[in-house]
S.K.: 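Handing you this structure, nothing more for now.
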Amino acid sequence: MLSGSTIVGASIAYLLVLFAVAYVGDRRADQGRSIIDNPWVYSLSLGVYCTAWTYFGSVGRAASGGIWFLPIYLGPTLGLALSWLVVLKMIRIAKTHRITSIADFVASRYGKSHVLGGLVTVIAVVGTVPYIALQLKAISGGYALLTGDHDSDFSPLHLGGWLQDSTLYLALTLAAFTVLFGTRHLDTTERHEGMVAAIAFESVVKLLAFLAVGVYVTYFLYDGIGDIYARAAANPDLLSLLSFDGAGKTGYGGWFSLMLLAMLSIIFLPRQFQIMVVENVNEQHLRRASWVFPAYLLAINIFVIPMALGGLLLFGRGTVDPDTFVLTLPMVHGQVELALLVFVGGLSAATGMVIVETIALSTMVCNDLVMPLLLRGSDFARDGRRDLTGTLLMIRRGAIVVVMLLGYLYFRLAGEAYALVSIGLISFAAVAQFAPAMLGGMYWRGGTRDGALAGLLAGFSVWAYTLLLPSFAKSGWLDMAILTAGPFGIEFLRPEHLFGLGGLDSLSHALFWSLLANVCGYVGVSLLRSPTGAEASQATLFVDVFRRGPGTPASFWRSGAEVRELVPLVSRFLGKRRTEEAFARYARSHDLSSLDQLKADPELVNFAESLLAGAIGSASARVMVSTVVQEEPLGLDEVMNILDEASQVRAYSHQLEEKSRALEVATSELRAANEQLKEFDRLKDDFMSSVTHELRTPLTSIRALSEMMLDDPRTDLANRKRFLGIIVSETERLTRLVNQVLDLAKIESGHAEWHNSDVDMRELVEHAISTTSQLFRDRGAEIVTDLADAVPVLRADHDRLLQVMINLLSNAAKFVPEGRGRVEVKLSVGDEGIRVDVADNGEGISPELEPVVFEKFRQGGGAKARPQGTGLGLPISRQIVEHFGGRLWVKSKPGEGAVFSFVLPMQPV
Amino acid sequence: MMRKGLAGQRLVAVFLAGMLLFNFPLLSLFDRPVRVFGLPLLHVALFAIWAGLIALMAWIAERGSR
């Protein structure tokens, strides 16, 4: 039996040591020689997971369920195996965006939403305040045991009046400690080095105390673990505890649920998030913690079963509450000093949890519940001159005291009720509701604010209905009928058998339904619409946190704000000195000597926003900064344009492809044009050589005959006459050739003169035939005509068309066979216009030569039968016909003659 | 610097191994009335697997830091 004063003295002494550790921690941090910048300290501080529920409750759970206490510690081990993937990302995100709580994390991820932050805060408070009450109850119960204020079964007797209740004073002391080390000043990163040092110290104390009592029970009261097991095996009462399902639990499904739950809570409990993410000094510490913390859990659980069995062997079932074995076992053997140590260990487990939890909750309450309301209401935000540092600190401190007193209140009201005793797992299930929104937010860009809101609300409601409500009913606060018969007698809606689902224990049942509703709400509602600009930009920042350089977060802001506007705004919340220090550091990092030189750019605004985010939460920070920066936030399209650099690159490469394709087309066009030019060049050369060749032939004969007459003066008159006749005809031929060349050149270049008049084609054809009749008579050929009676009058150049007609007729005369030639001339009127056909019965033209006869200097017929002519007649004819919009062509069958035809439209162009 | 890729994958493998070993059906293999040094096989196996996994995680995490 210990006197109350001894216990209170020991407790106070312990708390003083804690104060000292925290004080040293803060001092060292101020000097820049952090003691928590150490992977071992970080790992130990994670031990805040082990609360009084572990310290006292594990033995209790083992005494009733055997090995079933273990999933609560196996889950975190597996969770930490994944920490290098999940928690590391969380730490990086939190550090980059100065996120200081789970509520802030969720709010910030989904477009800095006040509503979401508030909802998360409410869930966290509802889920964890009873858990704080449980810690106070554990200490109060332990105190009652040690002072002898209990019955023969070591159940604490009635509680005293409120003012005599030492638990109240304990709660107030803890509140004072938390206020001192949790809100010493406003920090932009919301880190509390002294507090973390104290928590790591507490982890050591509770481990040592628990191991001490474990060793005492196992090796002093009994003869080692084997001895205890042997005795338990011999005891039919205890035999069932040694096998898996002997304790009447609900099979492997329940086991898995417990493990999953513990795995989620190691990350999403507000206190775990605070210690593991917010208070993390160096990401690399996580690596050692990922195995040291599981090892810590293993160590603290080694003696749980031996102590549970040992206690049951000593006291028997149903007498002493197994939750108190760690205290009662030393006490009944008179080991009061050991009992006192165990009590201090329990105290450290409880206080550690309470301190961290209240800090985490107060940050949430302040940043995500109170600040948004203050900023929304009144002229609080607009009154630019007010220094709000003090107000902010007061809100934090107030929140800590209120949370602590709420916990105490719940403890007083609930007492021994089931709702308090079972709160550990109920609380775990509440924070598990954060998992979809947080994990989804870290790995999925499509999650929206509405989705997160729907998921959290659905999950939280189902949790309250299937887990919290039954716990109230079992505590006697509600009619038990609600569990057995269902609400309003609707059996279908029984909270522990929702929709008639059976075969699961109540925890697995609640976890299944709540997470199902949560995930479905989150994913389903998220998929209803695409994310807004704010959501999409935050989603990219969160999901791609590892891809971005640490120094250059993408800015939400487009325009800047002056330093002289930003500094006063930030210093209202952070205090003048800290603000100026922070801005000076920023200036130095940009190689500027003073604040005034800072450029008013979006980066500066971003910096100011992140400073504020640490102090008042990201959602409120954005609201405050937007009072200074005058601009509309980015729209979705703009954000996408800025963030989606890949799409820009794609656009560029697309443009490049287009251009190169266009270039290829242009190149091939140029090549074709070049080919054509070369062809023209070749044609010109051919033409020149043909012309000179044609000129040389008559010139040669003229020259030869002239020389003969010059050299031989005796040439007789008859010969001279003959020679001169030849010379004259050759000269005429030359003249004709030159005229035709000039003619063709004129027509081709468009410089020819056209004398249009009304032309009667019938008269024209007859005229041509009569002109060429001598030629046909010379060749002995007959000419047959088939001329339409009335032909419309054409508007054309009469002489030119006559030239065409004569050309065709004289060509025909040349190619018909001597003596039996026959040429048919036909004039008709068709759809195309007036048509003239000149058919001969000569050798004809082979098909491959058909197009060639219209080229210059290309004459039909073989080389031996090279007829008289310049080779320009047909090309010129074709040019003339085409000038009047008609066409000239030839059809021929070799051996049967050729038909040259042309048509002229009625209305020539 | 930790070789993030490899160590990360190893830790995921440990996680999966733990998930398998700590759950049905593998867990049921140990739930039989066999004594190891006088202790029930189930208890010994769970703690042994747990310790083994922690040792494995320690090896992976610390090895990467060299």
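Sequence lines set the chain letters: A, B, ... in the order given, protein chains first and strands last, and positions in each chain run from 1.
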S.K.: Under a 4.5 Å cut-off applied to non-hydrogen side-chain atoms, are B:Ile60 and A:Trp291 in contact?
M.R.: no

S.K.: What do you reckon, is OH of A:Tyr443 surrounded by more than 12 foreign heavy atoms closer than 6.0 Å?
M.R.: yes

S.K.: What option among A:Ile67, A:Leu298, A:Ile305 has the most heavy-atom pairs under 4.5 Å with chain B?
M.R.: A:Leu298

S.K.: Taking side chain as everything from C-beta outward and backbone as N, CA, C, O, which of these in B:Leu46 sits under 4.5 Å from a heavy atom of chain A? Side chain, backbone, both or neither.
M.R.: side chain

S.K.: So for A:Leu85, is it side chain, backbone, both, or neither that comes closer than 4.5 Å to the heavy atoms of chain B?
M.R.: side chain

S.K.: Which bit of B:Leu42 is near chain A, if near means a heavy-atom gap under 4.5 Å: side chain, backbone, both or neither?
M.R.: side chain

S.K.: Measure the shortest side-chain to side-chain distance between A:Thr77 and B:Phe22 over non-hydrogen atoms and say whether it is less than 4.5 angstrom.
M.R.: no

S.K.: What part of A:Leu297 gets within 4.5 angstrom of chain B, counting heavy atoms only: side chain, backbone, both, or neither?
M.R.: both

S.K.: Begin with the C-alpha distance, continue with both residues' side-chain angles, and end with the deciding distance and a verdict on side chain to side chain contact (heavy atoms under 4.5 Å, CB included) for B:Leu11 and A:Leu82.
M.R.: CA-CA 7 Å; B:Leu11 287 170; A:Leu82 284 188; over 6 Å; no

S.K.: Is any side-chain heavy atom of A:Tyr229 closer than 4.5 Å to a side-chain heavy atom of B:Arg35?
M.R.: no

S.K.: Identify the heavy atoms of A:Ile302 and B:Phe47 that sit nearest to each other, and give their distance.
M.R.: CA-CE2, 4.2 Å

S.K.: Of all of B:Leu41, B:Val14, B:Leu39, which one pairs up most often with chain A through heavy atoms under 4.5 Å apart?
M.R.: B:Leu39

S.K.: Answer with side chain, backbone, both or neither: which region of A:Asp227 has an atom nearer than 4.5 Å to a non-hydrogen atom of chain B?
M.R.: neither

S.K.: Quick one: does B:Trp50's side chain get under 4.5 Å of A:Tyr73's, heavy atoms only?
M.R.: yes

S.K.: Taking all non-hydrogen atoms of both residues, which atom of A:Ser290 and which atom of B:Met57 are closest, and how far apart?
M.R.: O-CE, 2.8 Å

S.K.: Is it the case that the side chain of A:Trp84 and the backbone of B:Gln9 share a donor-acceptor pair, with hydrogens and angles ignored and the cut-off at 3.5 Å?
M.R.: no

S.K.: Which atoms of A:Ile225 are under 4.5 Å from chain B, going by heavy atoms: the side chain, the backbone, both sets, or neither?
M.R.: both

S.K.: Just verifying a value: how many Å separate B:Ile54 CD1 and A:Tyr296 OH, rounded to the nearest 0.5 Å?
M.R.: 13.5 Å

S.K.: Relative to chain A, which segment of B:Ala51 carries a heavy atom at a distance below 4.5 Å: side chain, backbone, both, or neither?
M.R.: both

S.K.: Ignoring hydrogens, what is the shortest heavy-atom contact between A:Trp255 and B:Asn23? Give both atom names and the distance.
M.R.: CD1-OD1, 3.5 Å

